[in-house]
Every structure is written in C-alpha cells, then in structure tokens.
Amino acid sequence: MNSFLRRIDQWRLLLETGVVPGMAVPGLIYADDYIESLLKGEDALSQVANVACLPGIVGYSMAMPDIHQGYGFPIGGVAAFDVSSGVISPGGVGYDISCGVRLLASKIPAEEFRPRADRVLAALFSAVPCGVGSVKDSLGTKEVDRILEEGAVRVVRSGRGTEGDIRRTEEGGCLVGAEPGAVSPRAKERGKGQLGTLGSGNHFIEVQETEELFLPETAASMGLSKGCVAVMIHCGSRGLGHQVCDDYLKVMGRAMSKYGIAVPDRQLCCAPVDSPEGRQYLGAMKAAANFAAANRQTIAEAVRDVFAGFFPGEKLATVYDVSHNLASIENHVWEGRKRQLCVHRKGATRAFNGLPVLIPGSMGTASYVLEGTPGAERETFGSACHGAGRVLGRNEAIRRTSGRNIPKELSAKGISVMAEKAGTLGEEAPEAYKDVSAVVEVVHGAGLARKVARLRPLAVMKG
Amino acid sequence: MAWKILDHTADAGFEAEADTLAEIFLDAAEAFLFIAAGPAPGDFSETGEFHTFFLSAVDGEELAVSWINELIFIAETRSEWFLPLQVRVSLSPPSLSARGKTVALKGRALSVKAATYGGLQLRTSPRPFLRMYFDL
C-alpha cells in the first residue's frame with residue numbers, strides 16, 4: 001500500500017490510482033513526514049482507496065492529517081460527490097452523526113479557576129449526565145420531533161441559551177431540510193432519554209486556558225482572551241444518530257443493486273444523492289444533526305449553570321459550535337467549474353474562509369482554534385482536520401498505561417480529571433493520539449486553516 | 001471464553017469460532033457485554049425479568065449486526081442488559097429468536113454504541129466463525 005504513496009510536497013501525499021480496482025480518482029492525504037510515519041500498517045489508506053471507488057466522486061478521496069482507521073471511510077476523510085451523478089453514504093458520515101465541538105469563552109482568569117478546579121469538575125459531573133438511564137425527565141415523541149426539526153433553536157427558544165449561541169453555531173444550529181418523519185421510531189426512542197448527555201469514549205467537557213494567541217485580533221473577535229478560561233464540549237447525536245446510521249445502512253444496502261452500485265466494503269453502501277433513498281437519508285441525517293446541536297446547546301447551558309455557582313456574573317459566550325461528522329450539499333468551484341456537491345466530512349471540520357475551526361487535542365494536551373481559509377475552499381471543499389486522531393487502539397492504550405496513575409500524572413501538569421469509567425483514562429491517554437500540534441501544523445502549513453489560538457487543559461470530564 | 005478481543009485504532013472487535021451458529025451468537029453477546037461493560041460488569045445474580053424477541057434480516061451478516069444492535073437498543077432504552085439464555089439462529093431465511101433475562105444497567109455509560117459492517121465476517125464452514133467490530 002505504501003508503495004503507491006508519492007510525496008507531492010512537505011504537506012501532501014498522493015495515493016495513486018490502482019491500489020484497489022475501480023478507483024475513479026487518486027487519494028490525497030495531508031501529511032508531513034511524522035504523519036506519514038504513522039500511516040505504516042494503517043488500514044486507513046485502504047479506506048481512502050475504497051472511497052475513491054464510489055460513483056460520482058470529484059477530485060480526490062481526501063484525508064486530513066488526523067487520519068486513522070474508521071468504518072468504510074477513514075476518520076479524517078473528506079469526499080465530495082456530484083449531486084446529479086454521485087452518491088451519499090451513511091458510512092461517509094459515521095455513526096455519531098454531527099458529532100462536534102462547542103467552545104465557550106469567558107473573561108475568568110485561569111488563576112481564579114485553578115483553586116476551584118476540583119469542585120467545578122465535581123459539579124460538572126453532577127450536572128451533565130454521561131450514560132443511559134441517567135436523565136430524569138425523558139422527552140415525549142412530539143418534543144423529540146420538534147428538536148429534530150429545529151435543533152439548537154428549540155432549546156434556545158425554551159429559554160436555555162441566547163441568540164448569540166444560535167448565531168455562532170454552524171448553520172444557525174438548525175439544518176434546513178431536516179425530516180423528522182425519516183427518522184425511525186426506534187431512533188427516536190433512543191433519543192428520548194439522551195438529550196443533554198455526554199456519552200462515553202472520547203467525548204468530554206474540558207475547562208481550558210487560552211494559552212497563546214497566534215492571531216490576536218481574530219481571537220479577540222471570537223471572544224478569546226489570553227490567560228482566561230474557555231470550556232470545550234465534545235459530543236454528538238448519541239444513540240439517536242447511531243440508530244439513523246444503522247437504519248440507513250440497511251436501506252442503502254438493499255437499494256444498491258437497483259442502482260447498479262457495487263462497493264468494496266459493505267460499510268460504504270450508498271445511494272444516489274438524487275434518489276428516494278438518498279433524499280430520505282439526507283433528511284434523517286439533518287434531523288439527527290439537529291439533535292446533536294440541541295444536545296451541545298443543552299450541555300452548554302448546564303455548564304453555564306455550574307459556572308454561575310462559582311463565578312457569579314461571569315459569562316460563557318459561545319465562540320463557535322461545529323460538526324465534524326456530516327454530509328452537506330454545497331456549491332464549490334472545482335477545476336474552474338461551479339459544482340453542486342455532496343461533501344462528506346467524517347472526522348473532518350468545515351473550514352470555510354473566516355469561520356472558526358475547533359480542534360480538540362487529546363486528554364492532557366493542547367486544543368486549537370483555527371480559522372478557515374480560501375485555500376481550503378479551493379483545495380478541500382472547505383475542510384480541515386477535526387482533532388489529534390488516534391494512533392493506538394484502545395486495548396493497546398490500556399495495555400501500555402496499565403499500572404500507571406493517569407489522574408496523578410495529569411495532576412502533576414496542573415490538570416484535574418474525572419471519568420465515568422476508570423478504564424476510559426487509559427484508553428484516552430495522551431499517547432493514544434497523534435501530537436495535535438503536529439496535526440495542526442500540517443493544515444496550517446498546507447494553507448487549509450490558520451492558527452488563531454492554543455488552549456491548554458485545566459480540568460477534564462470524560463464520559 | 002470462546003472468543004477473543006481484536007484491536008482497532010479507534011474501537012474494538014472480537015472473533016469467535018464455535019460448533020453452531022447459535023453458540024457464535026451467544027459468544028457475540030458475551031463479547032459485547034465484556035467490551036461494553038468491562039470484565040466485571042456487575043452482579044447479575046439478581047432476578048431479572050424474562051424477555052423474548054425475534055429478528056430477521058437479508059443475510060447472516062446483517063442478522064449478526066442486528067443481534068448486537070438489539071442488545072444495545074434494550075440497554076439504552078430500558079437501562080437493562082439482556083442476558084441471553086437461549087438463541088435459535090437460522091440462515092434460511094436469516095432469522096433469530098432469543099430468550100433471556102434482563103437486569104438493571106444502573107445508569108452506566110454504555111461504551112459500545114453500534115455493531116458495524118466494517119471488517120465483518122460470518123462463515124458457516126468448516127466451523128461457524130464470526131468477526132465483528134464495534135463502534136465505541
């Protein structure tokens with residue numbers, strides 16, 4: 001596989017056609033030497049090649065520098081399909097539809113937070129449920145439908161949030177064209193008890209300090225102040241989104257023969273964008289994305305309530321809220337021609353010119369705020385990376401951290417940590433991930449996004 | 001334990017080989033419980049309610065995925081583990097009936113979110129074999 005990789009420049013690798021039969025376009029992987037060294041033996045490259053076989057793909061099957069093995073698509077994958085001749089694939093969005101990041105900024109000095117870190121963390125743990133059966137008041141079916149249709153707007157209109165939250169959420173926190181009717185009763189049942197829950201695995205709430213400003217004016221316009229506290233929330237559409245993905249994998253698996261589509265990996269099953277199955281999935285996916293936006297809005301409000309108890313009068317304003325698992329119908333110019341495309345970003349963030357790009361690091365390492373550029377719009381359909389990207393499997397991470405006291409190690413760095421499950425800390429140890437600064441350097445160097453600010457963790461709540 | 005855990009960069013999987021398809025599906029449920037809840041998921045000696053369900057699918061692979069996803073659905077919507085006591089599996093047509101008891105999940109975060117088709121393999125000969133990865 002690696003013999004098909006050819007370095008284009010310091011930041012880019014080309015995966016030539018021919019790796020697997022039927023590649024319609026080459027692969028383009030954003031990677032420096034460090035990222036390339038981590039690709040050895042990774043199934044992710046096969047997944048980049050498999051995506052290149054899908055009908056109607058435009059340009060390249062791309063992967064961002066946080067690339068690692070996913071299902072069907074690699075994590076970090078970006079692929080655009082012509083709306084008239086291409087496909088939409090639930091596997092190109094992922095199970096956790098519209099998993100994403102919300103960043104809140106405050107003027108609270110980090111030194112005022114530090115002495116309270118453990119108590120704030122414990123309060124966050126009480127205020128934001130992680131798991132199943134932990135929500136006291138589950139939603140009725142009608143309310144689930146309203147949330148699927150209106151997203152974060154529904155939460156704000158019920159008094160939980162501000163208009164500023166909506167303005168600073170991707171697509172205003174409500175994807176137009178969401179179809180609650182395309183979401184199965186089974187998915188809605190899963191969502192009823194999960195609004196405002198964090199989930200498990202790599203989902204987290206992290207209190208951070210804005211440590212360094214690379215573009216001070218831009219950072220100021222986003223509300224970020226050096227030395228002050230910010231809060232990052234990472235979660236998605238929970239079981240509801242997973243059920244939508246599972247439901248439509250079945251729908252599309254059955255429909256492919258009707259459209260004469262064959263895929264090299266069952267997880268890549270798909271249907272034409274402009275088909276009943278494609279339109280139905282798009283409507284259901286948008287509805288699930290609205291649920292995810294509402295979920296992050298609900299959690300943001302719970303975080304604000306907690307902070308109000310410790311820092312009365314201080315505000316936590318939304319910097320931005322952006323998804324990194326989504327397919328979106330967008331207009332782009334490709335090879336000099338205006339095209340309407342269905343852009344799949346699976347573990348990749350929309351990076352339109354001037355919009356914030358939020359890049360969470362691994363537990364105990366920095367996170368970044370970037371800004372999208374015209375370069376991304378020209379080259380990657382307006383996309384950048386979404387995080388550090390795993391480098392160790394969960395079992396391997398647990399094996400390597402066995403016997404270590406990770407909370408103590410993080411505490412020595414001035415980071416408080418609490419997790420729902422003790423095992424999560426081993427799975428999510430910093431060495432399980434790539435160096436986030438190196439990942440960000442690649443997208444910055446390649447001109448896909450500019451560095452605005454770096455944030456360091458002060459307190460981490462893991463699901 | 002008739003199954004073994006498989007590594008995945010972001011997630012986890014298992015593979016199992018057994019004498020019958022029914023045993024493979026029981027192994028899958030056990031591996032799911034292990035990965036979702038850890039080696040000591042709780043005290044299941046308490047009396048649970050008996051529960052029966054039926055599934056059908058277009059093929060054996062979809063049936064295997066649906067089986068685990070049904071266990072996840074029960075866990076998420078009822079806050080209960082389904083502990084299968086008996087499973088009957090047929091591939092012509094692909095269908096399954098399961099009888100077991102449910103016990104309280106007690107508010108734990110469920111670390112397995114879905115069974116996937118990625119890397120999925122179900123063989124019936126020479127011996128029944130299943131490989132499956134979970135989205136965590």
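When reading the values below, keep in mind they use all heavy atoms of this one structure, side chains included, and skip hydrogens, waters and symmetry mates. Residue numbers begin at 1 in each chain, while the letters A, B, ... track the order of the sequences.
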> Most heavy-atom pairs under 4.5 angstrom with chain B, which of Glu396(A), Gln243(A), Lys250(A)?
Replying inline: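 Among the listed options, the one with the most contacts to chain B is Lys250(A).
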>> Using a 4.5 angstrom heavy-atom cutoff, name the option from Gln47(A), Glu427(A), Arg254(A) with the most pairs to chain B.
In response: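 Most heavy-atom pairs within the cutoff with chain B belong to Arg254(A).
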Taking all atoms of both residues into account, what is the closest heavy-atom pair of [X] and [Y], and its distance?
{"X": "Asn395(A)", "Y": "Ala12(B)", "value": "ND2-CB, 4.3 Å"}
{"X": "Ser200(A)", "Y": "Ser111(B)", "value": "OG-CA, 3.5 Å"}
{"X": "Tyr117(B)", "Y": "Gln267(A)", "value": "N-OE1, 2.7 Å"}
{"X": "Ala115(B)", "Y": "Tyr95(A)", "value": "O-OH, 3.4 Å"}

> Considering only heavy atoms, which portion of Ile72(B) lies under 4.5 Å from any heavy atom of chain A: side chain, backbone, both, or neither?
Replying inline: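 The answer is the side chain of Ile72(B).
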> Can you tell me if CZ on Arg88(B) sees more than 12 non-hydrogen neighbours from other groups inside 6.0 Å?
Replying inline: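 No, not enclosed.
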Roughly how far, to the nearest 0.5 Å, is the [atom2] atom of [Y] from the [atom1] atom of [X]?
{"X": "Thr77(B)", "Y": "Arg190(A)", "atom1": "OG1", "atom2": "CZ", "result": "8.5 Å"}
{"X": "Thr9(B)", "Y": "Arg394(A)", "atom1": "OG1", "atom2": "CZ", "result": "10.5 Å"}
{"X": "Leu249(A)", "Y": "Thr116(B)", "atom1": "CG", "atom2": "OG1", "result": "9.0 Å"}
{"X": "Leu120(B)", "Y": "Asp265(A)", "atom1": "CG", "atom2": "CG", "result": "10.0 Å"}

>> Testing His242(A), Arg238(A), Gln194(A) one by one against Glu76(B) for a side chain to side chain donor-acceptor pair (under 3.5 Å), which residue passes?
In response: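 Looking at His242(A), Arg238(A), Gln194(A), the match for Glu76(B) under the side chain to side chain donor-acceptor pair (under 3.5 Å) is Gln194(A).
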> Do the side chain of Tyr71(A) and the main chain of Phe134(B) share a donor and acceptor less than 3.5 angstrom apart?
Replying inline: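 Yes: the side chain of Tyr71(A) pairs with the backbone of Phe134(B).
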Between [X] and chain B, which part of the residue has a heavy atom less than 4.5 Å away: side chain, backbone, both or neither?
{"X": "Arg186(A)", "answer": "both"}
{"X": "Leu198(A)", "answer": "neither"}
{"X": "Asp246(A)", "answer": "side chain"}

> Are Arg266(A) and Val65(B) close enough, and set up right, to give a side-chain contact (heavy atoms from CB on, under 4.5 Å), and what steps lead you there?
Replying inline: CA-CA 12 Å; Arg266(A) 191 165 179 170; Val65(B) 168; over 6 Å; no
>> Could you walk me through whether Arg390(A) and His8(B) satisfy the side-chain contact (heavy atoms from CB on, under 4.5 Å) test, starting with their C-alpha distance in whole Å, then the side-chain angles of each, then the deciding distance to 0.1 Å, before giving a yes or no?
In response: CA-CA 10 Å; Arg390(A) 288 193 76 94; His8(B) 179 284; over 6 Å; no
